[in-house]
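Have a look at the structure below, then the notes.
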Amino acid sequence: MLPTVFTSQVRELPECIENKRKELIELGMTYGFADKITIKCSQDLDKLIYIHMYMHAVVC
């Protein structure tokens with residue numbers, strides 16, 4: 001059984017991903033999609049998606 005705190009974080013992950021995606025679009029529109037800050041945000045989004053995919057593979 002997964003700890004409650006951990007389970008809670010897993011449930012919040014889709015919302016975090018969606019928020020990061022919106023941030024990425026906003027940064028891209030403001031600074032351009034090749035700007036360092038936009039690329040960093042994109043990398044952060046990639047990490048969140050990877051964690052989400054990994055957690056579903058482990059839990060399932």
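Under the 4.5 Å side-chain heavy-atom criterion for grouping Ile, Leu, Val, Met, Phe, Trp and Tyr, M29 is not connected to L24 through any hydrophobic cluster.
The CG atom of L13 sits 8.5 Å away from atom CE of M55, with the distance rounded to the nearest 0.5 Å. Taken to the nearest 0.5 Å, the CD1 atom of I25 stands 13.0 Å off from the NZ atom of K20.
Listed by chain and residue number, nothing satisfies the side-chain hydrogen bond (donor to acceptor under 3.5 Å, both in side chains) test with E26 (two or more places apart in sequence, or in another chain).
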Could you pull out all donor-acceptor pairs under 3.5 Å where a side-chain atom in residues 41-49 meets a protein atom, sequence neighbours excluded?
from	atom 1	to	atom 2	distance (Å)
D44	OD1	K40	NZ	2.7
D44	OD2	K40	NZ	3.4

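Using cut-offs of 30° and 60° on the angle between ring planes, the pair Y54 and Y50 is parallel.
Within the hydrophobic cluster formed by Ile, Leu, Val, Met, Phe, Trp and Tyr side chains joined at under 4.5 Å, directly or through other members, Y31 is accompanied by L27, I37.
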